[in-house]
Protein chains: 2
Amino acid sequence: MVRGKTEIKLIENTTRRQVTFSKRRSGLFKKAFELSLLCDAEVAAIVFSPTGRLYEYSSTRHDPLSLSLKISS
Amino acid sequence: MVRGKTEIKLIENTTRRQVTFSKRRSGLFKKAFELSLLCDAEVAAIVFSPTGRLYEYSSTRHDPLSLSLKISS
DNA sequence: AACACTATTTATAAAGG
DNA sequence: TCCTTTATAAATAGTGT
């Protein structure tokens with residue numbers, strides 16, 4: 001149960017890192033939700049796991065749009 | 001100093017709401033930073049204030065791209 | 001993997017300068 | 001408005017199931 005101050009640096013142990021990822025991701029999205037509601041703000045949070053999985057939170061529902069994107073350097 | 005549990009609903013008082021917005025926005029970005037570092041994740045958070053001001057956090061520096069966007073319904 | 005527990009750290013609301 | 005203080009609520013690391 002939380003021994004000592006946690007250092008903010010990469011968690012080497014895979015299992016611990018995954019558990020922390022899940023817990024803190026939830027915590028982040030909760031904070032985002034609270035901020036939007038308390039302060040009438042629009043908030044979005046986007047998280048990519050190291051394996052490229054996407055997790056996202058948005059305070060607002062938006063109708064999906066059809067986008068075509070042209071990217072030049 | 002924090003009397004009782006804070007209800008998560010719109011803060012009506014403008015001054016209090018602005019102070020809370022500032023504090024919690026910082027808190028959110030800090031959590032985003034910690035998540036990215038602890039778990040090697042890419043994290044972005046975007047906040048619009050009620051007046052439309054933009055605040056953003058990104059765990060990663062990306063080269064700016066020139067984008068042209070075509071939106072159809 | 002996902003839930004429960006809980007000691008402890010961390011965030012933060014309100015107040016004061 | 002911005003910093004500091006501090007009491008208290010909230011998040012969470014490690015453990016157990």
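Below, all heavy atoms of this structure are taken into account, side chains as well, without hydrogens, waters or symmetry copies. Sequence lines set the chain letters: A, B, ... in the order given, protein chains first and strands last, and positions in each chain run from 1.
dG16(D) atom C1' lies 16 Å from atom CZ of R16(A), rounded to whole Å. To the nearest angstrom, P of dA13(C) lies 14 Å from CD of E7(B). Rounded to a whole Å, the CZ atom of R17(A) is 14 Å from the P atom of dG14(D). In this structure, K30(B) atom NZ and dT12(D) atom C1' are separated by 13 Å, rounded to whole Å. Rounding to whole angstrom units, CZ of residue F33(B) and C1' of dT10(C) are separated by 15 Å. Atom P of nucleotide dA14(C) and atom NZ of K5(B) are separated by 15 Å, given to the nearest angstrom. Residue R25(B) contributes atom CZ, which lies 13 Å from atom C1' of dC2(D) at whole-angstrom precision. In this entry the distance linking CG of N13(A) with P of dA13(D) reads 13 Å, nearest Å.
Checked by atom type and distance alone, the side chain of S36(A) pairs as donor or acceptor with a backbone atom of F33(A) at under 3.5 Å. The backbone N or O of S22(B) lies less than 3.5 Å from a partner atom in the side chain of S26(B), making a donor-acceptor pair.
Of the candidates dT9(C), dA1(C), dA13(C), the closest approach to any side-chain atom of Q18(A) belongs to dA1(C). Listed nucleotides: dA13(D), dA13(C), dA11(D). Nearest to the side chain of E34(A): dA11(D).
Nearest-nucleotide assignment on DNA chain D puts the 5′-proximal partner with G4(B), out of G4(B) and K31(B). Mapping T15(B) and L28(A) onto DNA chain D by nearest heavy atom places T15(B) closer to the 5' end of the strand. In terms of position along DNA chain C, the nucleotide closest to V19(A) lies nearer the 5' end than the nucleotide closest to the other residue of the pair V19(A) and R24(B).
Applying the 4.0 Å criterion to OP1 and OP2 of dA2(C), one finds that S22(A) has every side-chain N and O outside that range. Neither OP1 nor OP2 of dT12(D) sits under 4.0 Å from any side-chain N or O of T6(A).
A salt bridge between E34(A) and R24(B) is present, with a side-chain N of the basic residue lying under 4.0 Å from a carboxylate O of the acidic one.
With values rounded to the nearest 0.5 angstrom, I11(A) atom CD1 is found 4.5 Å from L38(B) atom CG.
Counting atom types as modelled, K23(B) pairs a side-chain N or O with a base atom of dA13(C) as donor and acceptor under 3.5 Å.
In summary, the side chains of T60(A) and E42(A) do present a donor paired with an acceptor at a separation below 3.5 Å, with no hydrogens or angles considered.
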